[in-house]
Amino acid sequence: MMITVHDKMQQNYAYLLTEEEGKNFAPDFKPQLTPKEMLELGVFEGKYLTDCTDEFPKDWFEKAKLSPQKPNIECNYFKVKSRQSLNTWIKKGWILEPDPRGWFQWYCRYYMGRRLPEIDKIQIKRWKSFIRHKAQIELNCPPFDVNCRKKQRQALLQWAYNPFI
């Protein structure tokens, strides 16, 4: 299936879904949350993907915590500021074409079934390196104390890791 994108950040970008949704991930990529679960729990201050819901399954957005007008920390599960600006991401070289919104956009498209071997390899490596935040929570917080290190927990959630450790 071919998906064509027309939103604020991309026009006439098309990609092919070559895998079944949520299946056949790289062996070293085992996200603990789906994009739908992440959106329902509350990520990226509710601002992420608000202008491109047509690209993704409608059920992802049925219970999503969104804030189309402006970022709202109340939309985040842990109610903390959770993101750096897109300009910061661009300056640090964290935005890879063809995903101008960054890692989560890549993950949503990967989850849907798009495969771009070189980009996938880079993004999976970035995802794997994020596990260091889980280790910091485990070292510094009592088990299941979700009030301990809320920013790191929100960050884990935004990288498809279970923050409720």
Side-chain angles (χ1 to χ4, degrees), residues 3-11 13 15 21-22 29 31-112 114 119 122-124 126-138 140-165:
I3 304 289
T4 303
V5 178
H6 298 284
D7 61 38
K8 288 181 184 177
M9 296 183 75
Q10 278 184 313
Q11 294 292 313
Y13 170 65
Y15 61 92
E21 182 178 326
F29 184 53
Q32 297 170 333
L33 299 165
T34 67
K36 179 182 177 179
E37 291 169 328
M38 294 167 68
L39 290 164
E40 288 178 3
L41 285 167
V43 291
F44 304 105
E45 299 164 24
K47 189 63 181 132
Y48 213 98
L49 303 183
T50 57
D51 70 308
C52 56
T53 57
D54 291 343
E55 181 181 347
F56 304 105
K58 292 199 184 321
D59 72 312
W60 286 14
F61 299 96
E62 288 172 357
K63 296 180 184 176
K65 292 183 173 101
L66 299 178
S67 179
Q69 302 307 317
K70 63 180 183 173
N72 178 356
I73 64 170
E74 292 300 312
C75 292
N76 280 350
Y77 185 87
F78 293 97
K79 310 290 188 243
V80 294
K81 183 168 173 34
S82 62
R83 62 191 186 95
Q84 295 178 348
S85 70
L86 183 60
N87 285 337
T88 298
W89 278 64
I90 291 168
K91 286 177 190 171
K92 292 190 179 253
W94 295 338
I95 300 295
L96 304 176
E97 288 298 327
D99 303 316
R101 297 169 195 264
W103 185 88
F104 186 58
Q105 184 177 47
W106 167 84
Y107 176 44
C108 289
R109 290 171 172 177
Y110 186 91
Y111 190 89
M112 295 262 306
R114 182 190 74 178
I119 298 294
I122 294 166
Q123 295 291 27
I124 290 168
R126 293 179 68 219
W127 173 83
K128 287 168 50 176
S129 75
F130 213 81
I131 196 75
R132 69 190 183 277
H133 293 283
K134 179 180 182 227
Q136 288 300 311
I137 290 170
E138 290 172 334
N140 295 289
C141 298
F144 309 110
D145 179 357
V146 295
N147 291 309
C148 181
R149 294 192 173 229
K150 287 182 175 185
K151 281 192 173 195
Q152 280 186 306
R153 288 176 188 277
Q154 185 69 40
L156 283 175
L157 173 58
Q158 293 176 174
W159 282 79
Y161 283 103
N162 177 5
F164 308 108
I165 50 177

(message) Taking side-chain contact (heavy atoms from CB on, under 4.5 Å) as the definition, give me every residue that meets it alongside Ala64, ordered by chain and number, with sequence neighbours left out.
(response) Leu39, Phe61, Leu66
(message) Could you check whether atom NZ of Lys151 has more than 12 heavy atoms from other residues, nucleotides or ligands sitting under 6.0 Å from it?
(response) no
(request) For Thr88, check side-chain hydrogen bond (donor to acceptor under 3.5 Å, both in side chains) against everything at least two apart and list the hits. (result) Ser85
(message) Could you work out, with side-chain contact (heavy atoms from CB on, under 4.5 Å) as the rule, every residue matching Leu96, not counting sequence neighbours?
(response) Ile119, Ile122, Gln123
(request) Answer whether the closest heavy-atom distance between the side chains of Tyr111 and Pro31 falls below 4.5 Å. (result) no
(message) Quick check for you: to the nearest 0.5 Å, what is the distance between Asp145 atom CG and Asn140 atom CG?
(response) 11.5 Å
(request) Return each pair, listed once, that meets salt bridge (charged side-chain N to carboxylate O under 4.0 Å, His left out) where at least one residue sits in residues 126-135; pairs must be two or more places apart or across chains. (result) Asp28-Lys128, Lys134-Glu138
(message) Using the side-chain contact (heavy atoms from CB on, under 4.5 Å) criterion, which residues pair with Gln11? Sequence neighbours excluded.
(response) His6
(message) Quick check for you: to the nearest 0.5 Å, what is the distance between Ile165 atom CD1 and Cys148 atom SG?
(response) 10.0 Å
(request) Sequence neighbours left out, what passes salt bridge (charged side-chain N to carboxylate O under 4.0 Å, His left out) with Lys36? Give chain and number order. (result) Asp59
(request) Taking ring-ring contact (aromatic ring centres under 6.0 Å, His included) as the test, write out the residues that go with Phe29, two or more places apart. (result) Phe25, Trp106, Tyr107, Tyr110, Trp127
(request) First locate atom CG of Leu41, then atom CD of Gln158, and finally report the distance between them rounded to the nearest 0.5 Å. (result) 11.0 Å
(message) Restricting to side-chain hydrogen bond (donor to acceptor under 3.5 Å, both in side chains), what partner residues turn up for Glu21, sequence neighbours left out?
(response) none
(request) Take atom NZ of Lys91 as the centre, draw a 6.0 Å sphere, and report whether it contains more than 12 heavy atoms from other residues, nucleotides or ligands. (result) no
(request) Would you indicate whether the side-chain heavy atoms of Tyr15 and Pro98 approach each other to under 4.5 Å? (result) no
(request) Taking the side chain as every heavy atom from C-beta outward, state whether Arg153 and Cys141 have any pair of such atoms under 4.5 Å apart. (result) yes
(request) Please list, chain by chain and in numerical order, all residues satisfying side-chain hydrogen bond (donor to acceptor under 3.5 Å, both in side chains) with Arg109, sequence neighbours excluded. (result) Gln10, Glu55, Asp99
(message) Would you say that Pro163 contacts Gln154 through its side chain, given a criterion of any heavy-atom pair below 4.5 Å between the two side chains?
(response) no
(message) Donor-acceptor pair, distance only, cut-off 3.5 Å: does the side chain of Asp7 make one with the backbone of Met9?
(response) yes
(message) Quick check for you: to the nearest 0.5 Å, what is the distance between Tyr77 atom OH and Met38 atom CE?
(response) 14.5 Å
(message) In the structure I gave you, are the side-chain heavy atoms of Pro57 and Met112 within less than 4.5 Å of one another anywhere?
(response) yes
(message) Could you measure the distance from the CG atom of Asn72 to the NZ atom of Lys81? Nearest 0.5 Å is fine.
(response) 12.0 Å
(message) Holding to side-chain contact (heavy atoms from CB on, under 4.5 Å), I want the full list of residues that pass it with Glu37, two or more places apart in sequence or in another chain.
(response) Leu33, Thr34
(request) Could you name each residue pair satisfying salt bridge (charged side-chain N to carboxylate O under 4.0 Å, His left out) that touches residues 38-52, not counting sequence neighbours? (result) Glu45-Arg83, Asp51-Arg101
(message) If the condition is ring-ring contact (aromatic ring centres under 6.0 Å, His included), which residues does Phe104 pass it with, not counting sequence neighbours?
(response) Phe44, Tyr48
(message) Could you measure the distance from the CD1 atom of Ile131 to the CG atom of Leu156? Nearest 0.5 Å is fine.
(response) 7.0 Å
